[in-house]
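One structure below.
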Amino acid sequence: MSGPACCDNPPGVSSGEESGQIKKIASLNSYVSGNPDSKLAVLLISDIYGYEAPKLRIIADKVAAAGYYVVVPDMFFGDPFIPKSNLQDWIKIHPAKPAVEFAKPVIGALKEKGISNIGAAGFCWGAKAVVELAKDASIQAAALLHPTFVTLDDIKGTFPFKNVNRNPSVLEKDSCLTFQQSDVNKKVKLFVSEISKQSCVFCMVDMMFSEVKVPVAILGAEFDKESPPEVVKQFEAALQVKPEVDHFVKIYHGVSHGWTVRYRDEDITAGNVHRRPIRIFWIGLVSVFRRSIRPCKTRIVKHL
């Protein structure tokens, strides 16, 4: 879901201290930072305020300083959310899930230039695109920061029918199967024609079991109505029964939705409750990719 907290503390004007530059990658204007000859890349997908947000670019530069080629694409084609606009009207123009199709050509372009491993981090709105990339292993590691629009089914996958006989050999031509849907008390009928009863069943199974397949870190906030701590804990529980998917989930105390990219400058001054989690996040995000995006398979960092 999205709500007022997604709009809080909009980004200010850039101070001009960014170390990167603007390049066009796969037809998208992108802020890029780091060594272009690196074989390791990180894609950062913004929240509703877009790729020009200064604090997002600060994160890009910090990740780049660790040895990654970092790309922050303009997923809104020059039309980020403007403060005091109607958020729901804007979301209709820029829905989160289809945005994954904008990200895939960027990933393709990076691979064409010889980059072997790619991680992606999505902030708020951008988390939905990243979780979609993580489902088909387009990337090698994912980080979801105070995610919006991400559902439990995205994390665990779902097959919403009970008592299904998945063996296509028992299906008769033009037969009718009845499935019991698990989430609502409703019957659904599937007609299996003579065209290809086997591919029909298998394609449906593939769609229903779409789930995260790569190492993932999910970082939430204590005060977050858009991605409440109880929902983040459900994500964690779903991942705990998937030993094949390395994961790290943490809810940061004392911070609110959007805290990683829309913190106030005074939040990192000495003595402020936000200072430590923000500093730890900067270091930890690099650690997630350092431990997950490399030639050798390693375990994702556990100390953010």
Side-chain angles (χ1 to χ4, degrees), residues 1-11 42 44-49 53-63 66 96 119-131 134 141-152 154-155 212 215-240 245-292 299-304:
M1 61 177 290
S2 62
C6 295
C7 310
D8 288 347
N9 196 33
V42 171
L44 301 184
I45 301 184
S46 73
D47 65 4
I48 61 175
Y49 287 111
K55 290 182 172 67
L56 178 61
R57 293 186 175 185
I58 288 174
I59 294 171
D61 292 342
K62 287 181 178 292
V63 175
F123 301 81
C124 188
W125 180 96
K128 183 65 172 181
V130 170
V131 82
L144 312 179
L145 300 310
H146 37 85
T148 305
F149 301 112
V150 176
T151 68
L152 184 58
D154 287 326
I155 304 299
V212 169
V216 58
I218 304 175
L219 310 183
E222 180 181 7
F223 307 111
D224 193 341
K225 293 182 179 179
E226 319 309 328
S227 186
E230 55 268 25
V231 172
V232 175
K233 290 177 182 178
Q234 290 176 6
F235 294 165
E236 182 176 29
L239 289 165
Q240 286 173 341
V245 177
D246 198 12
H247 65 276
F248 174 79
V249 179
K250 183 168 182 174
I251 297 168
Y252 285 80
H253 296 289
V255 294
S256 304
H257 182 77
W259 64 277
T260 60
V261 285
R262 285 186 277 114
Y263 57 88
R264 293 173 173 82
D265 291 335
E266 58 268 26
D267 288 343
I268 57 172
T269 58
N272 192 287
V273 68
H274 295 73
R275 179 175 180 267
R276 185 172 183 273
I278 290 171
R279 293 274 174 93
I280 291 176
F281 157 71
W282 285 342
I283 297 170
L285 185 62
V286 171
S287 298
V288 167
F289 294 125
R290 179 173 289 155
R291 296 293 300 273
S292 301
R299 301 295 290 174
I300 200 167
V301 66
K302 301 293 186 185
H303 63 267
L304 276 71

Set of residues satisfying side chain to side chain contact (heavy atoms under 4.5 Å, CB included) with respect to A221, sequence neighbours excluded
D224, V255, W259
Passing candidate, side chain to side chain contact (heavy atoms under 4.5 Å, CB included) with V232, options V249, L144, V150:
V249
Might you point out which heavy atoms bring [X] and [Y] nearest each other, and give the distance in Å?
{"X": "I45", "Y": "G126", "value": "CG2-CA, 3.5 Å"}
{"X": "V130", "Y": "A142", "value": "CG1-CB, 3.7 Å"}
{"X": "A96", "Y": "F149", "value": "CB-CD1, 3.7 Å"}
{"X": "P147", "Y": "F235", "value": "CG-CE1, 4.4 Å"}
{"X": "E222", "Y": "P229", "value": "O-CG, 3.4 Å"}
{"X": "A238", "Y": "I155", "value": "CB-CG2, 4.2 Å"}

Does D61 use its side chain to pair, donor to acceptor, with the backbone of I58 at less than 3.5 Å?
no
Got a sec, which residues hit salt bridge (Lys or Arg N to Asp or Glu O under 4.0 Å) with D47, two or more places apart in sequence or on another chain?
R262
Just wondering, do L219 and T260 contact through their side chains at under 4.5 Å, heavy atoms?
no
Sub-4.5 Å side-chain heavy-atom contact between F123 and I59
yes
Distance in Å, [X] [atom1] paired with [Y] [atom2], rounded so as to fall on 0.5 Å steps:
{"X": "R57", "Y": "L44", "atom1": "CZ", "atom2": "CG", "result": "11.5 Å"}
{"X": "K128", "Y": "D154", "atom1": "NZ", "atom2": "CG", "result": "3.5 Å"}
{"X": "S227", "Y": "H257", "atom1": "OG", "atom2": "NE2", "result": "7.5 Å"}
{"X": "H146", "Y": "W125", "atom1": "NE2", "atom2": "CH2", "result": "14.5 Å"}

Take L239 and I218 through the side-chain contact (heavy atoms from CB on, under 4.5 Å) test and state the conclusion after the steps.
CA-CA 11 Å; L239 289 165; I218 304 175; 4.0 Å; yes
